[in-house]
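First the structure, in the form of C-alpha cells, and then the observations on it.
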Amino acid sequence: MGLMQKLTSRPMNVSRRGFLAGSGALVLSTALPARMVRAQGAEAPAVQTLLELRPDGTALLRSPFVEGGQGIFTAMAQIVGEELDLAPEQFTVEVAAPGAGAALTGGSASTRSGYEPMRQLGAAARAMLMEAAAQQWDVDVAELTTEPGAVLHDATGRRAPYGDLAAAAMDLPVPTDMTLRDPSEFRWIKTSVPRIDVRAKSTGAAKYAIDQEVENMLLAAVQHAPRLGLTPASVTNQSDIEAMRGVHSVHLLDGAVAVVADKFWQARRAVEAAEVEWTEGTAEWPMPADFSSSAFRDTLADAAGDAVEIEATGDAAAALAEAGTVVEAVYDAPFVVHGQLEPPSTIARFNDDGSLELWMPNQSPGQFQAAAAEAAGLEPAQVRIHSQSLGGFFGRHFLYRTANPFPQAIALAQATGRPVKLIWTREEDFLRDAPRPLGVARFRAAMGPEGPVALEATVIGEGPTQRWYGAPPGNDASASEGISGKSYAIENTLVQQVPLPNPAVIGYWRAVGHSMHDFMYEGFLDELAAAGGLDPYEMRLSMLSGNDRLHTLLTRVGALSGGWQPGTYEVDGTTRARGVAMASPFGSEAAAIAEVSIDGGEVRVHQVWVALDPGQIVNPAVVEAQVQSAVALGVSQTLVEELVYEDGEPTARNFDMYPILRPDQMPEVHVDIVESGAAMGGVGEPGLPAVGPAIVNAVAVLTGQRVRSLPLSKHNFG
C-alpha cells in the first residue's frame with residue numbers, strides 16, 4: 001500500500017497547475033479558507049497560494065501575504081519547508097497575484113491563518129515526491145524517508161534529489177489527507193532561522209514600489225488641496241508651469257493638481273510652484289472648515305447619546321449605585337499618523353490589449369484590484385496588481401478611498417497615454433493619511449478590599465471597521481478592543497459605546513483599538529489600586545487567580561524585570577519608578593513593566609520588559625524583533641506623537657512638526673516569549689498595547705500625576 005493511502009489527517013484543497021505542465025516542475029496550489037480578518041472585520045474569500053518545486057531542487061512560493069518587514073516570507077518558507085523537508089534558504093517567496101480572492105495582510109493574522117494550510121501544502125508535495133520515487137524504484141513508499149531536498153531508500157542506499165523527481169510527481173494524484181510532523185520532529189519551525197530577505201535588504205538589491213521602473217514611463221507629483229473637500233478650480237500660472245524644464249503636462253484632478261514630467265524632481269518642483277485656486281468640491285467625507293482635534297475631543301468627552309452595550313457581567317449599574325465611593329475618570333488619545341518610511345507611490349500602465357497593470361504597495365491585492373478596475377472602467381480580470389514589498393506599513397496600505405495614489409496614477413496614465421509613476425511626497429502623505437482615530441473613554445468603578453467590584457466603561461466615537469466595512473456600533477472591535485475583552489475577574493462590568501462619526505478619514509494603526517484603549521483601561525485600573533491602597537502588580541495577580549495563562553504571564557514579566565519593585569528607588573543617581581500593564585490583543589497575551597525617570601521635566605524611559613504569550617510560534621528571532629519594534633512604536637506614541645487638526649487641516653506636514661521617538665529616547669527592551677500551547681495568536685501588534693500604560697503608570701508613581709491624555713510631552717513634569 002502506498003503512502004497516498006496511508007495519509008490520515010485533514011484534507012487539503014490542492015490542485016495541479018496545468019499551465020506549467022512540461023516545465024519539469026512540481027506545481028501545487030492551495031486555497032486559504034475564507035476567514036474573518038481580525039483587524040479589518042471583513043470576510044475574505046479563499047486565496048490561492050502556489051508552490052513550485054523546480055528541477056534544480058529550489059522552490060518558489062507565491063505567498064498570499066505581503067512582506068512589509070514583519071518576516072512573513074521567512075515564516076511561510078519555514079512552515080512549508082518543514083513539511084516538505086526543504087531548507088528555508090532554498091525558497092524564493094513572492095506575493096501571489098490576486099485571483100478569485102486575496103488575503104488581507106494585517107491584524108497580526110498572516111502566520112496564524114496560514115499555518116495549517118501551508119503545512120499541508122508542504123506535506124502534500126513531499127508525499128507526491130516520495131510516491132514518484134517509490135514508483136521509479138519499484139519499492140513500497142513506506143520504505144522511503146526524506147532528508148532536506150531528497151528522497152532516501154535506506155535499504156539500497158538510493159537517493160533522489162527533489163528536482164529529479166519533480167516532473168514525475170507532477171503526474172501523480174494529489175493527496176487529500178496528510179499526517180503532519182509531530183512538533184518534536186520540527187527542524188525549522190520554532191527555530192531562529194535567518195530572514196531569507198536580509199541579504200537583499202542589506203545590499204540594496206531589494207526593490208520597493210518607489211524603486212520600480214517601466215519602459216517609457218513619465219513621473220508625476222501632486223499638490224493636494226489643504227483641506228479634504230476642496231478641489232482645484234484653476235492653476236493661475238499654468239502656462240508658466242508647463243514651460244518649466246522637463247514638464248509634460250498639468251492636470252486638475254479631484255482634490256489635487258498633478259504635474260507630469262520626465263523626472264520626479266522636475267514634477268515636484270513644478271507642482272510646488274503651482275498657484276492653485278481652490279473651491280468646494282464633492283468629496284465623500286469633506287472636512288469641516290472649522291474642524292479642530294481639540295474641539296472634537298471635547299465633543300466626544302461631552303457626548304450624551306444612547307449607548308450600545310458591548311459586553312456585560314453581573315449588574316454594574318446596581319453595584320455602582322450601592323457603592324459608597326465611586327471613582328470616575330475620562331481618558332483620551334490623539335490622532336496619530338502612520339509615517340511609514342516609504343511614502344506611497346503607484347506606477348500605472350495601460351497595455352495595447354486594454355488591460356491595466358499597477359505596481360504599488362498594498363496590504364490587500366484583491367481589494368485594490370477591484371477598486372482599480374472601477375477607477376479605470378475595466379473588469380477586475382483586466383487589472384493586474386504587482387504587489388511590492390512594503391517599506392513599512394502599520395496599517396497604512398489598506399484601501400482607504402481618499403488616502404491612496406493609485407486612482408490619480410490611473411487618471412494620469414489615461415490622460416497622457418503613457419505609463420505614469422506617481423510618488424506622494426512626505427508632505428502629501430501627511431496631508432492625506434488616514435490616521436488612527438482620536439479616542440475618548442469614560443470610566444466609573446467601585447472598589448472592594450481586594451480590588452474593583454464594579455466597573456463601567458463607555459467608549460465614544462467611531463472605529464475604522466465601522467467606517468470601512470459597516471460594522472454596527474457595539475459590534476465593532478476596533479472601536480472598543482482593549483477596554484472590551486479584558487480578562488480580569490471583576491464581578492460586575494459593563495462596556496458600552498456611544499457611536500459618534502469622526503469627521504476625519506480614519507484608518508487602522510498598529511494594534512488598532514488596543515493601541516489606545518489598553519492605555520485607558522490599564523491606567524484607570526492603577527487609579528483604582530491607588531484608591532484602594534493596593535499594589536497595582538499584586539492587585540492584578542489577585543484578579544487573575546484561576547487564569548493560569550495570564551497569571552503565569554504576569555509572573556514571568558515580574559521575574560524578567562528582576563522582581564517587581566513598588567514605589568520609587570534610586571539608580572545611578574536618578575529617582576525611578578515602575579509601572580505594569582497587560583493586554584490581550586489579536587489572540588495573544590502580553591504583559592509589560594516599564595522603568596522611568598524625569599529628566600529636565602521630560603519623561604525618560606530606561607527599560608521595558610515584555611512577556612508575550614502568542615500560544616505557539618514559528619521563528620523566535622522574528623517574534624523578538626517584532627516585540628522590539630512594537631515597543632519602539634509604543635514608546636513613541638506615548639511620549640511624543642500627536643496629529644493636530646486646525647481649520648480642517650493637519651498642522652504637521654512632515655516630521656519637523658510631528659516628532660517621533662529619537663534614538664536617545666529608546667529604552668533597553670527585554671523580551672520573554674512564553675509558549676503556553678494555546679491556539680496561535682498574532683505577533684506583529686501584541687507587543688505594543690501594554691507599553692504605553694506601563695509607562696504612564698510608572699509616571700504616576702514617580703510624580704503623583706495621573707496622566708489621562710496622551711502624549712506625555714504635552715504635560716509638565718518639571
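Heavy atoms only, all atoms of each residue included: A694 and A592 are closest at CB-O, 3.8 Å. Of all heavy-atom pairs between V691 and G634, the closest is CG1-C, 4.0 Å. Here the shortest heavy-atom pairing between I483 and A457 reads CG2-CB, 3.5 Å. Across every non-hydrogen atom of M118 and M76, the tightest pair is CG-SD, 3.5 Å. Shown here for V557 and A591, the closest heavy-atom pair between the two residues is CG2-O, 3.6 Å. Scanning both residues, R195 and Q70, for their nearest heavy atoms gives NH1-C, 4.3 Å.
The backbone N or O of V337 sits less than 3.5 Å from a side-chain atom of W509, completing a donor-acceptor pair. At distances below 3.5 Å, at least one donor-acceptor pair connects side-chain atoms of E67 with backbone N or O atoms of F73. Distance alone, capped at 3.5 Å, is enough to place a donor-acceptor pair between the Q78 side chain and the T191 backbone. Put simply, the side chain of S588 gets close to the backbone of G682: a donor and an acceptor are under 3.5 Å apart. In this structure a side-chain-to-backbone donor-acceptor pair under 3.5 Å is missing from Q340 to H338. Within the 3.5 Å criterion, the main-chain N or O of R444 finds no donor-acceptor partner in the side chain of E456. Formation of a donor-acceptor pair under 3.5 Å by the H517 side chain with backbone atoms of G513 is found in this model. Judged by distance alone, the side chain of Q363 and the main-chain N or O of H397 form a donor-acceptor pair under 3.5 Å. Judged by distance alone, with hydrogens and angles left aside, the side-chain atoms of R549 form no donor-acceptor pair with the main-chain N or O of A678 at under 3.5 Å. A donor-acceptor pair under 3.5 Å is formed between the side chain of S478 and the backbone N or O of T465.
With a 6.0 Å radius and a threshold of 12 heavy atoms from other residues, nucleotides or ligands, D306 has its CG atom at or below the threshold. Counting heavy-atom neighbours within 6.0 Å of E491 CD, excluding the residue itself, gives a total of 12 or less. Within 6.0 Å of the CD atom in Q628, the count of heavy atoms belonging to other residues, nucleotides or ligands exceeds 12.
The distance from the NZ atom of K714 to the CG atom of L639 is 13.5 Å, given to the nearest 0.5 Å. Rounded to the nearest 0.5 angstrom, T313 OG1 and N492 CG are separated by 6.5 Å. The distance from the CD atom of Q637 to the CZ atom of R510 is 11.0 Å, given to the nearest 0.5 Å. Here CD of E624 is found 10.5 Å from NE2 of H670. Values are rounded to the nearest 0.5 Å. Rounded to the nearest 0.5 Å, atoms CG (L544) and OH (Y488) are 6.0 Å apart. The line from CD1 of I593 to CG of L554 is 7.0 Å long, rounded to the nearest 0.5 Å.
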task = Check step by step if side-chain hydrogen bond (donor to acceptor under 3.5 Å, both in side chains) holds for E570 and T575.
result = CA-CA 5 Å; E570 299 295 315; T575 302; 2.6 Å; yes

request  = Evaluate the side-chain contact (heavy atoms from CB on, under 4.5 Å) criterion for residues H715 and S709: first the C-alpha distance (whole Å), next the side-chain angles of each, then the deciding distance (0.1 Å), finally the verdict.
outcome  = CA-CA 9 Å; H715 300 276; S709 179; 4.2 Å; yes

task = Check step by step if side-chain contact (heavy atoms from CB on, under 4.5 Å) holds for T111 and V683.
result = CA-CA 9 Å; T111 301; V683 167; over 6 Å; no

request  = Report the C-alpha distance between H514 and L688 in whole Å, list the side-chain angles of each, state the deciding distance to 0.1 Å, and finish with yes or no for side-chain contact (heavy atoms from CB on, under 4.5 Å).
outcome  = CA-CA 8 Å; H514 285 282; L688 186 148; over 6 Å; no

query = Would V596 and V701 satisfy side-chain contact (heavy atoms from CB on, under 4.5 Å), going step by step from the backbone distance to the final call?
reply = CA-CA 10 Å; V596 309; V701 173; over 6 Å; no

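Side-chain atoms of I490 and M543, non-hydrogen and from C-beta on, do get closer than 4.5 Å to each other. The side-chain heavy atoms of R708 and F443, taken from C-beta on, include no pair separated by under 4.5 Å. When side chains are defined from C-beta on, T552 does not count as touching D613, because their heavy atoms never get closer than 4.5 Å. Inter-residue side-chain proximity for E309 and L494 is flagged as met; some heavy-atom pair is nearer than 4.5 Å. Contact annotation: the side chain of E589 approaches that of S584 to within less than 4.5 Å [non-hydrogen atoms, C-beta and beyond]. Under the 4.5 Å side-chain criterion, counting only non-hydrogen atoms from C-beta, N619 is in contact with T74. You'll find the side chain of L643 stays beyond 4.5 Å of the side chain of P334, heavy atoms only. In this structure, V631 and V610 have side chains that are in contact, with non-hydrogen atoms separated by less than 4.5 Å.
Using bins of under 30°, 30° to 60° and over 60° for the plane-to-plane angle, the ring pair F524/Y331 lands in the perpendicular bin. Under the 30°/60° scheme for interplanar angles, the aromatic rings of W564 and Y537 are found to lie parallel. Ring planes of Y400 and F398: perpendicular class, angle over 60° (limits at 30 and 60°).
Here R436 does not pair with E641 in a salt bridge; the nearest charged N to carboxylate O distance is not below 4.0 Å. The existence of a salt bridge linking R540 and D526 is confirmed by a sub-4.0 Å separation between a basic side-chain nitrogen and an acidic carboxylate oxygen. A salt bridge does not link E328 with R442: every distance from a Lys NZ or Arg NE/NH1/NH2 to an Asp or Glu carboxylate oxygen is 4.0 Å or more.
Of the options T638, V696, I695, a side-chain contact (heavy atoms from CB on, under 4.5 Å) to F519 is made by V696 and by none of the others. Paired with K486 under the rule side-chain contact (heavy atoms from CB on, under 4.5 Å), one option of L525, T493, D518, V495 passes, and it is D518.
Under 3.5 Å, the side chains of E311 and S484 contain no donor-acceptor pair of N or O atoms.
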